[in-house]
Each structure stands twice: as structure tokens, then as C-alpha cells.
Protein chains: 2
Amino acid sequence: MIEGLRETKRAATAQALAEAAFHLAKERGLDGFVIDEVAEMAGYSRRTFANHYPCKEAAVASVAYAGIEAAADALEEVSEGRPLLDAVEVVLRLQLTTTGLSRMREVLTLARAYPSLEPHVYYVQHQMRLEVEERMVAVAAGHYPASYLTLLVGAVYGMVSSALEGLVDVRLPGDLPIRGAVEFDEFLTEVFKHLRTGF
Amino acid sequence: MIEGLRETKRAATAQALAEAAFHLAKERGLDGFVIDEVAEMAGYSRRTFANHYPCKEAAVASVAYAGIEAAADALEEVSEGRPLLDAVEVVLRLQLTTTGLSRMREVLTLARAYPSLEPHVYYVQHQMRLEVEERMVAVAAGHYPASYLTLLVGAVYGMVSSALEGLVDVRLPGDLPIRGAVEFDEFLTEVFKHLRTGF
DNA sequence: GGTGAACGTGCACGATGGGCAATCTTGCCT
DNA sequence: AGGCAAGATTGCCCATCGTGCACGTTCACC
């Protein structure tokens with residue numbers, strides 16, 4: 001799982017293209033720009049954009065992925081000598097404090113305005129779930145059967161997904177991610193209350 | 001929520017187009033046909049296809065939605081004088097016996113071969129979840145707070161979604177949905193074991 | 001039975017996706 | 001150090017796609 005310079009650069013271009021697409025989408029709306037403009041803003045060609053993303057929507061949605069890899073990485077060390085569910089909760093709250101949540105919130109808000117974004121948003125969420133599940137298995141496969149972990153991650157995913165849905169409705173003038181974060185925090189507490197008794 | 005002739009016909013058109021797209025996708029692969037062929041097979045024009053679906057992928061994925069409305073309808077009567085979780089389990093097992101599961105399985109299999117399908121598949125799953133959640137609230141809002149129901153449906157959704165993922169791997173020569181159904185059934189039992197203690 | 005809204009369709013055109021081939025960069029091996 | 005294979009980026013090209021617009025037809029409601 002080493003990351004050579006090659007993959008790093010590839011990821012960087014993808015990132016740059018995604019950020020440009022995201023920026024333009026917030027600025028002018030999803031249908032207010034064309035792929036050429038995204039490519040130009042990021043300093044690449046339209047053809048290169050197509051090498052990384054199949055469409056504008058996928059690029060925009062991909063920014064919601066932010067932070068989950070770092071969170072998944074953290075799972076490894078956090079779970080040392082700690083109940084599994086505690087580790088999961090810590091990691092989720094970590095994701096909450098980084099830009100991860102606000103990014104997801106912005107993307108979900110965009111998706112509400114432009115339905116063609118929605119499939120790609122939920123796909124990104126699905127990929128985040130897979131990322132977490134993979135790490136989870138890597139960390140705890142010795143203590144729990146994989147099917148159990150899959151189920152656990154599924155439950156967490158489903159409930160957190162519900163929480164995210166609720167976040168979009170919150171629409172304050174200042175657009176502070178704080179308020180959303182607080183609500184999300186309370187929701188997380190509720191989620192883990194159920195999880196601790198059920199798992 | 002009455003359904004006039006107008007909406008019936010509109011739904012029928014969408015259905016016909018989706019079935020045609022699904023058929024062609026199985027027959028020739030997702031990139032083995034163009035929208036004109038779908039429209040022709042269903043007896044409509046390309047322009048009409050575009051009025052119903054934004055792209056081939058959305059049409060193909062939409063067939064996985066099969067049965068969920070009937071299942072959600074059933075929730076209403078099944079939940080009479082019965083614990084909520086029991087009702088949910090009954091309804092899910094109902095969905096399992098209808099064509100619902102095999103359709104989902106076929107679509108997921110297609111999506112594995114053609115990644116561009118995946119976002120739309122997960123979007124359809126998300127819509128199914130919303131459908132169930134809506135009915136759930138309609139049925140049980142008097143007994144439980146909505147936030148609780150949302151969380152419950154989220155947990156069910158996440159775990160069932162995991163189970164579906166596993167189904168795709170099952171690949172028998174005869175391609176009988178039976179085997180997949182049996183595994184799914186066992187998985188459901190496991191799912192509700194956790195749910196009953198956690199909710 | 002009339003009328004306004006919604007659906008299906010044809011047309012037109014800009015945007016898109018992806019195959020192909022050329023060029024440059026990176027990783028690895030000698 | 002140097003060269004070579006794999007992979008990234010790009011331009012070119014064109015079939016396909018998305019969608020605004022206008023028109024005829026069908027349906028819901030009065």
C-alpha cells in the first residue's frame with residue numbers, strides 16, 4: 001500500500017480537478033459551467049478531466065470524500081487497547097471536527113439543488129463506508145468475524161447517513177458549520193447508544 | 001395519493017423504457033447499445049426517453065426498485081397489533097420472496113461489470129430506503145418519535161445493504177436466485193438479532 | 001363539452017465521452 | 001548513469017448525448 005510519486009501526482013491532479021469543479025459548482029451552479037472551464041481552472045485539458053472523472057457530477061461529489069482516509073488510518077492506532085465501538089466513535093468524531101463534515105454538508109446541499117448530483121453523492125458515501133469497513137477488518141479481524149464487522153459498519157453507516165440527511169435542512173444565514181456539527185454530535189451520541197446495546 | 005390515468009400511463013412508459021434498457025444491458029452489456037435502441041424497443045422516441053431518465057444508467061438501475069412500493073404498502077396492514085420490528089422483518093422477507101431481490105441482484109451484478117452504473121444503483125437503494133422510512137413514519141409516528149424511526153430504518157438499511165453486497169459474489173452456474181435468497185435469509189436473521197437488542 | 005396542463009415527438013445544436021496516437025514523466029532494472 | 005517499459009497528459013475526431021423549443025395529442029377538472 002506504498003504510494004509512489006506516480007500515484008501521488010495522479011491523486012493530486014484528480015484533487016485539483018475536483019476542487020475546481022466544486023468551486024465552480026458553488027459559484028455558478030452545477031449547470032453554470034462546462035468541463036473545459038473546470039480543466040482550464042485546474043490547469044489541465046478537457047481530455048485529462050475525462051481520464052479522471054466520467055462527468056462533472058462525479059468530480060463535484062468526490063470532494064465529499066475528504067478526510068475519511070485519514071480517519072480510517074486513525075482507527076488503527078486508536079483501537080489499541082480500547083473497545084471496538086469506542087474506537088469507532090472516536091474516529092467518527094474526529095471526522096466531524098475536520099473539514100470532512102462541512103464538505104459533505106456542502107455537497108449534500110448542492111445535490112438538493114441539482115438532483116443529477118445525488119447518485120454520485122450516495123456513491124461517494126458508499127465508498128467511504130467501504131474504506132472504513134476495510135480498515136475495520138484489518139484492525140479487528142482477529143477479535144471478531146468479518147461478517148460481524150460488516151454488519152456493524154453497515155449499521156453505523158445507515159444511521160450516520162440518516163444524520164447527514166438531516167444536516168442539509170439546517171440552513172443558517174451565517175452558514176456556520178458549527179451548528180450543524182453540534183446537531184450531528186448529538187445525533188452521534190444517540191447512534192452509539194443503540195449500537196452499544198445491539199452490538 | 002390517488003393515481004389518475006395520467007400518472008399510470010406515465011409510470012408505464014418509464015417502466016417500459018427501463019425494462020428495455022435493462023434487457024439490452026443484460027443482452028449486450030451496458031455499452032453495447034445506444035438510447036435510440038432502447039426507445040425503439042419500448043416503442044418511444046429518444047426524446048421521450050430523455051424526459052424520463054437522464055441517461056442509460058439511471059434507466060437500468062431503476063429496475064432494482066421493483067417491489068419496494070408493494071412491500072412498503074404491506075407495512076401498513078402487517079404492523080397492526082404487532083411489534084414494530086416484527087412488522088419490518090415480515091415486510092423485508094416479503095420483498096425477499098418477490099422478484100425484488102433477484103432484480104437487485106442482477107442489477108448489482110451488472111454494476112460490478114460496468115462501474116458507471118454504481119452511483120445510480122446506490123441512488124436507487126437510497127430511494128428505497130426513503131420509501132420505507134416514509135411509510136414507517138406514517139404507520140408508527142404515534143408510538144415512536146420520528147428521529148427514532150429514522151435511526152431504526154437507517155440501521156436496517158445499512159445492514160441489509162451489506163447483505164446485498166455479499167449477494168453479488170454468489171455466482172452459480174445455474175444462476176438460481178434461490179441460493180442467494182437462502183443466504184440473504186440467514187443474513188436477515190442475524191440483522192434482526194442485533195436490531196432487537198439495540199432498538 | 002371546453003380548456004388548460006401534461007405527455008410524446010421532431011428538430012437543432014452545443015456538450016460530452018472515449019478511441020487513437022504522439023509526447024513526456026516516472027519507476028525500476030542493469 | 002542510462003535506458004526501457006508503464007503510465008499520464010494531450011490534441012484530434014466523431015458518434016452519442018442532453019436539452020431548449022415548438023407543436024400535436026391526451027387527460028383532468030370545471
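Chain A is the first sequence line, chain B the second, and so forth, proteins listed ahead of strands; every chain is numbered from 1.
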Spacing between B/L17 atom CG and C/dG8 atom C1', to the nearest angstrom | 11 Å

note: B/K56, atom NZ; D/dA15, atom P; distance rounded to Å ~ 16 Å

Sidechain-backbone polar pair: A/K56 side chain, A/F33 backbone, donor-acceptor under 3.5 Å | yes

Salt-bridged, B/E37 to B/R28, with N to O below 4.0 Å?
-> yes

Separation of atom CG in A/D36 from atom P in D/dC12, rounded to whole Å | 13 Å

Grab the CG-P distance between B/D31 and D/dT16 for me, whole Å please.
-> 12 Å

Length of the OH-P vector between A/Y53 and C/dG18, whole Å | 15 Å

Kindly indicate whether the side chain of B/R46 and the base of D/dG18 share any N or O donor-acceptor pair separated by less than 3.5 Å?
-> yes

Base of C/dG8 paired with side chain of B/R10 (donor-acceptor, under 3.5 Å) = no

Taking only side-chain nitrogens and oxygens of A/T13, does any of them come within less than 4.0 Å of OP1 or OP2 of D/dT9?
-> yes

Under 3.5 Å: donor-acceptor pair, side chain of A/R129, backbone of A/Q125 | no

Does A/K193 pair with A/E190 as a salt bridge, N-O distance under 4.0 Å?
-> yes

Nearest to the side chain of A/H52, which nucleotide is it out of C/dG8, C/dA15, D/dT9?
-> D/dT9

Want to settle it: does A/F33 or A/R47 sit nearer the 5' end of DNA chain C, counting the closest nucleotide to each?
-> A/F33

Nucleotide of C/dG17, C/dG8, D/dT19 approaching A/C55 most closely (side-chain heavy atoms) | C/dG17

Taking C/dG18, C/dT9, D/dT10 as options, the one with an atom nearest any side-chain atom of A/S45 is D/dT10

Find the distance B/Y44:OH to D/dT25:P and express it as a whole number of Å.
-> 17 Å

Under 3.5 Å, is there a donor-acceptor pair between the side chain of B/H194 and the main chain of A/G198?
-> yes

Atom CG of A/N51 and atom P of C/dC20: how far apart are they, to the nearest Å?
-> 14 Å

Here the distance between atom C1' of D/dC27 and atom NZ of B/K9, to the nearest Å, is 9 Å

Please tell me which of the listed nucleotides, D/dT16, C/dG17, C/dA15, lies nearest to the side chain of A/V34?
-> C/dA15

